[in-house]
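Here the structure is laid out as structure tokens; the discussion comes afterwards.
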Amino acid sequence: GILLSLKIPIAPHAKFCPEDDDETICQRPDLIAYKLTSAVAMFYMGTLGVRNFYFSKEVDDASKGKPEDRLFGYLKAANDQNVANLCYQVWDICVSLSIPEHREPIFLVHHVLSGLTAFCSLEFQMVPYYSVYYAGCSEFSSIFLVWADLKEFFPIKEGSPLDLFVFACGG
């Protein structure tokens, strides 16, 4: 929609274009919209996780507590993190079903299990201390992965500033 109406010249690699669509310029706004939306979500979850895991007094106090509190105690920071994670996972599963390149079983199972983990942490207070890390800090690297994947879908002029940025994100 919006990207097409703005006539932004974002054409993906030929392998992502329908084969029967030779006469028109192939545009896949679904791919770029998915990547941009994912980048925003990963930035939010990643920075929230890093902030909570490394700088939150609540999480720091939990790390010094009893092991059973880390496994089954209540942490508001974990709840905030898992609400964001569960919302993203549900959104991602729904959107991925509409994008052919993302309908791979391994991709979908990963997101189902991630969503289930977030749900169990919210509903049953399972491993809240650790969920701040795996639902947040681990997502921090995904911020860069979203940009590193950009070259897989869209041609980028070699040596351009965007190409260097994508290369740095890959590292």
Side-chain angles (χ1 to χ4, degrees), residues 2-3 29-154 156 161-171:
I2 294 174
L3 292 176
D30 57 337
L31 289 175
I32 193 70
Y34 175 83
K35 287 294 177 187
L36 292 174
T37 307
S38 290
V40 170
M42 294 300 140
F43 183 78
Y44 176 75
M45 290 187 299
T47 55
L48 182 64
V50 167
R51 185 192 68 159
N52 285 335
F53 196 76
Y54 293 108
F55 304 107
S56 166
K57 181 169 176 13
E58 177 192 22
V59 175
D60 186 47
D61 289 346
S63 72
K64 297 171 186 167
K66 297 182 247 173
E68 57 267 20
D69 290 339
R70 288 193 299 272
L71 294 175
F72 299 109
Y74 174 80
L75 282 176
K76 182 181 179 330
N79 275 13
D80 294 345
Q81 190 75 54
N82 284 302
V83 165
N85 191 10
L86 182 59
C87 290
Y88 174 74
Q89 300 305 334
V90 169
W91 171 85
D92 192 49
I93 291 165
C94 294
V95 171
S96 293
L97 292 173
S98 71
I99 300 174
E101 294 80 12
H102 291 180
R103 281 191 222 138
E104 297 175 11
I106 192 79
F107 186 81
L108 295 171
V109 167
H110 163 76
H111 289 285
V112 167
L113 293 176
S114 296
L116 186 60
T117 303
F119 174 78
C120 287
S121 187
L122 285 167
E123 184 67 23
F124 306 114
Q125 295 304 309
M126 294 175 65
V127 295
Y129 171 76
Y130 300 101
S131 71
V132 173
Y133 181 81
Y134 68 72
C137 290
S138 65
E139 295 296 355
F140 192 79
S141 65
S142 296
I143 298 167
F144 305 102
L145 180 62
V146 166
W147 292 104
D149 282 350
L150 191 65
K151 200 170 189 170
E152 177 187 336
F153 292 107
F154 299 97
I156 297 173
L162 182 59
D163 184 47
L164 296 174
F165 175 71
V166 168
F167 177 76
C169 286

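Note that the structure is a prediction, hence the values are computed from the model and not measured. By convention here, the first residue in the shown sequence is residue 1. Keep in mind that the numbers below use all heavy atoms, side chains included, and drop hydrogens, waters and symmetry copies.
Heavy atoms only, all atoms of each residue included: Leu97 and Arg103 are closest at O-NE, 2.7 Å. Residues Leu122 and Gln125 share a closest heavy-atom pair of O-NE2, 3.3 Å. Shortest non-hydrogen contact noted between Asp69 and Pro128 is O-CG, 4.4 Å. Between Tyr74 and Asn79, the closest heavy-atom pair is CE1-ND2, 3.1 Å. Counting all heavy atoms, side chain and backbone alike, Leu36 lies closest to Trp147 at CD2-CH2, 4.2 Å. For Asn85 against Ala135, the heavy-atom pair with the smallest separation is ND2-CB, 3.4 Å.
Checking side-chain atoms of Arg70 against main-chain N and O of Ser63 turns up a donor-acceptor pair under 3.5 Å. The closest donor-acceptor contact from the side chain of Gln89 to the backbone of Val112 lies at 3.5 Å or more, if one exists at all. Put simply, the side chain of Glu139 never gets that close to the backbone of Gly49: no donor and acceptor are under 3.5 Å apart.
Partners of Lys66 according to the salt bridge (Lys or Arg N to Asp or Glu O under 4.0 Å) rule, which considers only residues two or more places apart in sequence or in another chain, do not exist here.
In the displayed structure, Tyr133 atom OH is contacted under 6.0 Å by at most 12 heavy atoms of other residues, nucleotides or ligands. No more than 12 heavy atoms of other residues, nucleotides or ligands lie within 6.0 Å of OH in Tyr44, so this atom counts as exposed by the packing criterion. Heavy-atom neighbours of Tyr134 OH from other residues, nucleotides or ligands within 6.0 Å: above the threshold of 12. In Phe107, the CZ atom is crowded: over 12 heavy atoms of neighbouring residues, nucleotides or ligands sit closer than 6.0 Å.
We find the CG-CD distance between Asp80 and Glu58 to be 8.5 Å, quoted to the nearest 0.5 Å. Phe140 CZ to Ser142 OG: the interatomic distance, rounded to the nearest 0.5 Å, is 10.5 Å. Atom CD1 of Ile99 and atom CD of Glu104 lie 12.0 Å apart (nearest 0.5 Å). Note: Asn82 CG to Phe119 CZ = 11.5 Å, rounded to the nearest 0.5 Å. How far CG of Asp60 is from CG of Asn52: 12.0 Å, rounded to the nearest 0.5 Å. Atom NE2 of His111 and atom CD1 of Ile106 lie 10.5 Å apart (nearest 0.5 Å).
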Evaluate the side-chain contact (heavy atoms from CB on, under 4.5 Å) criterion for residues Tyr130 and Ser121: first the C-alpha distance (whole Å), next the side-chain angles of each, then the deciding distance (0.1 Å), finally the verdict. CA-CA 10 Å; Tyr130 300 101; Ser121 187; over 6 Å; no

Between Tyr88 and Met42, does a side-chain contact (heavy atoms from CB on, under 4.5 Å) hold up when you go through it step by step? CA-CA 9 Å; Tyr88 174 74; Met42 294 300 140; 3.2 Å; yes

For Val59 and Tyr129: C-alpha separation, side-chain torsions, deciding distance, then whether side-chain contact (heavy atoms from CB on, under 4.5 Å) applies. CA-CA 7 Å; Val59 175; Tyr129 171 76; 3.7 Å; yes

Could you walk me through whether Thr117 and Ser131 satisfy the side-chain contact (heavy atoms from CB on, under 4.5 Å) test, starting with their C-alpha distance in whole Å, then the side-chain angles of each, then the deciding distance to 0.1 Å, before giving a yes or no? CA-CA 9 Å; Thr117 303; Ser131 71; over 6 Å; no

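When only modelled atom types and interatomic distance are considered, Asp92 and Tyr34 share a side-chain donor-acceptor pair under 3.5 Å.
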